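Single-structure report; data block below.
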Amino acid sequence: MMRGWLSGFDRRISLSPLYFALTALIVLTLATLTTLLQIRRGARSAPAIALGSQ
């Protein structure tokens, strides 16, 4: 499906699974980093403030 869509463009690139795997790795790394930073921030805050914000 992607090859058919891309065939309409003048400039073509070859689709390699490596591009998709690299993108997925970057997205998972960012999601993990964001989650860990939020957990750290919550752990460092006062318990009453953390519970009161929910």
Side-chain angles (χ1 to χ4, degrees):
M1 187 167 140
M2 287 292 292
R3 290 186 196 277
W5 180 67
L6 288 174
S7 67
F9 291 93
D10 290 335
R11 296 181 183 168
R12 295 184 182 103
I13 61 168
S14 61
L15 287 177
S16 168
L18 181 63
Y19 294 126
F20 297 102
L22 184 60
T23 303
L25 180 64
I26 291 170
V27 168
L28 287 174
T29 302
L30 287 174
T32 303
L33 183 61
T34 302
T35 303
L36 290 175
L37 288 174
Q38 289 295 327
I39 290 171
R40 181 177 173 214
R41 192 176 100 186
R44 289 181 166 221
S45 67
I49 294 173
L51 290 174
S53 66
Q54 292 182 4

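Because the structure is predicted, anything quoted here is derived from the model rather than measured. This chain uses plain numbering: 1 for the first residue, then up along the sequence.
- Note that OG1 of T32 is 6.0 Å distant from CG of L28, once rounded to the nearest 0.5 Å.
- Through direct or indirect side-chain contacts shorter than 4.5 Å among Ile, Leu, Val, Met, Phe, Trp and Tyr, M1 is connected to no other residue.
- Hydrophobic cluster membership of L33, counting Ile, Leu, Val, Met, Phe, Trp and Tyr whose side-chain heavy atoms lie under 4.5 Å apart directly or via other members: L37.
- For S16, the side-chain contact (heavy atoms from CB on, under 4.5 Å) test picks out L18, Y19, with sequence neighbours left out.
- Cluster partners of I26, by chain and number: L22, L30. The rule joins Ile, Leu, Val, Met, Phe, Trp and Tyr whenever side-chain heavy atoms lie under 4.5 Å apart.
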